[in-house]
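Just below is one structure, and these are the notes that go with it.
Only heavy atoms go into these numbers, but all of them, side chains included; no hydrogens, no water, no symmetry mates. In this chain, residues are counted from 1 in sequence order.
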Amino acid sequence: MTSRRKAVTNVTLEDQLSYKDKLPKGQSYFENNALFLMGETSDHLISVVSCIFRAGGGLTGPWQVDDVYKLQTTFVVEPKGQTDKMHDNEFIGNRTWATDHWRGGGVRQTKDEVVWYLQNREIVCRPPYWEMKGEHLGVECDLVFGGLGDASYHKGKYADLAKNGLAGYEQPMWVEGSIKAQGKTYTLTKGFGVQEKFTQPAWDLAQVLTGTPYYWCWWASDNIRIFIYYFPSMGRTYSHVVVDEKEVVFHDEKGSSNIILDELEYWIDPKTRMQVPVKWHFNLASKNGVIDLHVAASSRTYYGYLTKSGPTIHYGLHAHSKGQLFLSDGRVIPLNNMMTYMENGWCAIPLPSGAA
């Protein structure tokens, strides 16, 4: 599938490669190349995430593997008009434990493209265009992604990886194409997406997330995009805001943002018996403006990691937001049709292995 739609990005073909060998020798590592979309068809709302991870560093490291690729897919579809409350929806997903046996996987490069692949899934990178192709868990994708402006390198540039110890970005995108799942084909009439790509030292996530969840959230409409990375246990609060194709800076010179994310209502998930936040008040303030939103989830997916200190669970909540954006130039913009994805995760069982 190809597209002639305009696409813009500041990322390069070289940014699409695996860079774990640039980290210090012997260091445990974690890489991610992921494509995410939230979109709609004539009748449905859809969220899809497909990640190809590379993790390693030895059996005593956080991931407890030498060097493996692993694959995550989550897929949720809900009929339009069912956004009034949280539903016990069906979804497709998998755990992504590095210790599970994954066959093959790799990264191949030509002069025109870089392809990450594992089993039947491919992430094809030709900036400013990307493709998600093939099947995993019965979710078959034929999708084209195009850059909607510059990526936000909130983890640093790859050229500085050796110096900084990590690198990576979030690239906002438009999305076109179709998904086949459970005997149905869903063709997008509108879609927003992101490529998340990073290389970093491995964290023992279960240890980091014990007692304190993180949030990774996207809001998107035709003229506004908002991304936040809210990781209190790591001391990271980052935002990237674009209004009418121009970035409005909501973070300080150190990259930190004044984020308030209050959990207002919880839901007991019948599948996991976990108490999950499903309504929030979100506020982001800076000298350039204020974003104020009320957020409510209507469906969910989840997946899990396993690191040395235990398993973590990560909820991806398809949500909807209403509120306002107040800019310092006097503009007040209503935010009543924002597609919203709220992901948060925590340590489900904070117990390390007792094996010798």
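In the hydrophobic cluster analysis, where Ile, Leu, Val, Met, Phe, Trp and Tyr join through side-chain heavy atoms closer than 4.5 angstrom, Leu13 is grouped together with Leu35. Leu71 is connected to Ile123 through a chain of hydrophobic side-chain contacts under 4.5 Å among Ile, Leu, Val, Met, Phe, Trp and Tyr, so both are in one cluster. There is a path of hydrophobic side-chain contacts, each under 4.5 Å, that joins Leu17 to Tyr153. Placement of Tyr303 and Phe198 within a single hydrophobic cluster is found when ILVMFWY residues are connected by side-chain heavy-atom separations under 4.5 Å, directly or transitively. Ile92 and Ile179 end up in the same hydrophobic cluster when Ile, Leu, Val, Met, Phe, Trp and Tyr side chains are linked at under 4.5 Å.
Side-chain atoms of Gln16 and Asn33 form no donor-acceptor pair, as typed in the model, at a separation below 3.5 Å. Between the side chains of Asp204 and Ser309, at least one donor-acceptor pair of N or O atoms lies under 3.5 Å. Between Glu135 and Asn120, the side chains place a donor N or O and an acceptor N or O closer than 3.5 Å (distance only, hydrogens not considered). Counted by atom type alone, Asn337 and Ser221 present zero donor-acceptor pairs between their side chains at under 3.5 Å. In this model, a donor atom of one side chain and an acceptor atom of the other lie less than 3.5 Å apart for Gln200 and Lys155. Side-chain contact check for Tyr29 and Asp67: at least one donor-acceptor pair (N or O, by modelled atom type) lies under 3.5 Å. A donor and an acceptor atom, one from each side chain of Asp43 and Tyr186, are nowhere located under 3.5 Å apart. Between the side chains of Ser321 and Thr340, at least one donor-acceptor pair of N or O atoms lies under 3.5 Å.
The line from CG of Leu306 to CZ of Arg95 is 8.0 Å long, rounded to the nearest 0.5 Å. Distance check: Lys180 NZ to Thr185 OG1 gives 5.0 Å after rounding to the nearest 0.5 Å. Between the CG atom of Leu293 and the CD1 atom of Ile226 there is a distance of 5.5 Å, given to the nearest 0.5 Å. In this structure, the separation between OG on Ser47 and CZ on Phe91 is 12.5 Å, given to the nearest 0.5 Å.
Side-chain N or O atoms of Trp116 include none that pairs as donor or acceptor with a backbone N or O of Cys51 at under 3.5 Å. Asp262 contributes no side-chain N or O that, together with a main-chain N or O of Leu264, makes up a donor-acceptor pair within less than 3.5 Å. A side-chain donor-acceptor contact under 3.5 Å links Thr307 to the backbone of Ala206. Within the 3.5 Å criterion, the main-chain N or O of Thr99 finds no donor-acceptor partner in the side chain of Lys70. For Thr212 (side chain) and Val208 (main-chain N/O), no donor-acceptor pair under 3.5 Å exists by modelled atom type. The main-chain N or O of Ile268 is never found under 3.5 Å from a side-chain atom of Arg273 such that the two would form a donor-acceptor pair. Panel note: side chain Asp160, backbone Lys163; no donor-acceptor pair is recorded below 3.5 Å.
Test Gln82, Lys271, Arg300 against Asn89 for side chain to side chain donor-acceptor pair (under 3.5 Å) and you get one pass: Arg300. Evaluated for a side chain to side chain donor-acceptor pair (under 3.5 Å) with Ser239, the options Ser257, Ser256, Ser152 yield exactly one hit, Ser257.
Considering every non-hydrogen atom in both Asp252 and Lys254, the closest pair reads OD1-N, 2.9 Å. Of all heavy-atom pairs between Leu327 and Val248, the closest is CD2-CG1, 4.2 Å. Contact record, Tyr129 with Gly146: CD2-CA, 4.2 Å, taken as the closest heavy-atom pair. Pairing each heavy atom of Trp97 with each of Pro311, the nearest pair is CZ2-CB, 4.3 Å. Closest heavy-atom contact between Pro172 and Ala151: CD-CA, 4.3 Å. Here the closest non-hydrogen pair linking Asp66 and Leu59 is OD1-N, 4.1 Å.
At least one side-chain heavy atom of Ile313 sits under 4.5 Å from a side-chain heavy atom of Trp346. Between Met173 and Val194, every side-chain heavy-atom pair lies at or beyond the 4.5 Å cut-off. Asp15 is listed as a side-chain neighbour of Tyr169, based on a closest heavy-atom distance under 4.5 Å. Counting heavy atoms from C-beta outward, Phe282 and Asp292 have side chains that stay 4.5 Å or more apart. Trp130 is not listed as a side-chain neighbour of Val124, based on a closest heavy-atom distance of 4.5 Å or more. Ser298 places none of its side-chain heavy atoms less than 4.5 Å from the side chain of Met86. For the pair Leu335 and Trp219, the minimum side-chain heavy-atom distance is 4.5 Å or more. Between Ile291 and Val241, the closest side-chain pair of non-hydrogen atoms falls below 4.5 Å.
For an aromatic pair to be called close, the ring centres must be under 6.0 Å apart, and Phe231 with Tyr214 satisfies this. Side-chain rings of Trp203 and Phe30 stay apart, their centers remaining 6.0 Å or farther from each other. For His314 and Tyr302, the ring centers are positioned 6.0 Å apart or more. Between His154 and Phe227, a ring centre-to-centre spacing shorter than 6.0 Å is recorded. Outside the 6.0 Å centre-distance limit, the rings of Tyr341 and His318 are not counted as a close aromatic pair.
Cation-pi geometry between Arg225 and Phe192 is not met at under 6.0 angstrom from the ring centre and within 45 degrees of the axis. The cationic atom of Lys22 (NZ for Lys, CZ for Arg) does not lie both less than 6.0 Å from the six-membered ring centre of Tyr19 and within 45° of the ring axis.
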Pair Thr187, Thr41 - check side-chain contact (heavy atoms from CB on, under 4.5 Å), show working. CA-CA 6 Å; Thr187 300; Thr41 71; 5.7 Å; no

Stepwise, does the side-chain contact (heavy atoms from CB on, under 4.5 Å) test hold for Arg103 with Gln119? CA-CA 7 Å; Arg103 293 180 177 85; Gln119 296 184 351; 5.6 Å; no

Given Glu40 and Lys80, is the side-chain contact (heavy atoms from CB on, under 4.5 Å) satisfied, shown in steps? CA-CA 9 Å; Glu40 61 182 70; Lys80 289 182 176 179; 3.2 Å; yes

Phe53 and Tyr305: ring pair (Phe, Tyr, Trp, His ring centres under 6.0 Å), yes or no, with the steps? CA-CA 11 Å; Phe53 300 107; Tyr305 295 130; 5.7 Å; yes

Worked check of side-chain contact (heavy atoms from CB on, under 4.5 Å) between Asn94 and Gln72: CA-CA 6 Å; Asn94 65 293; Gln72 173 200 322; 4.3 Å; yes

Could you give me the CA-CA distance, side-chain angles and deciding distance for Asp222 and Lys190, then say whether salt bridge (charged side-chain N to carboxylate O under 4.0 Å, His left out) is met? CA-CA 10 Å; Asp222 289 332; Lys190 178 184 288 188; 3.5 Å; yes

Show the numbers, then the answer: is there a salt bridge (charged side-chain N to carboxylate O under 4.0 Å, His left out) between Glu131 and Arg126? CA-CA 8 Å; Glu131 294 180 59; Arg126 304 184 194 96; 2.4 Å; yes

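With respect to the salt-bridge test (charged N to carboxylate O, under 4.0 angstrom), the residues Lys246 and Asp244 do not qualify.
Using a 30° and 60° split on the angle between ring planes, Trp216 and Phe36 fall in the perpendicular class, above 60°.
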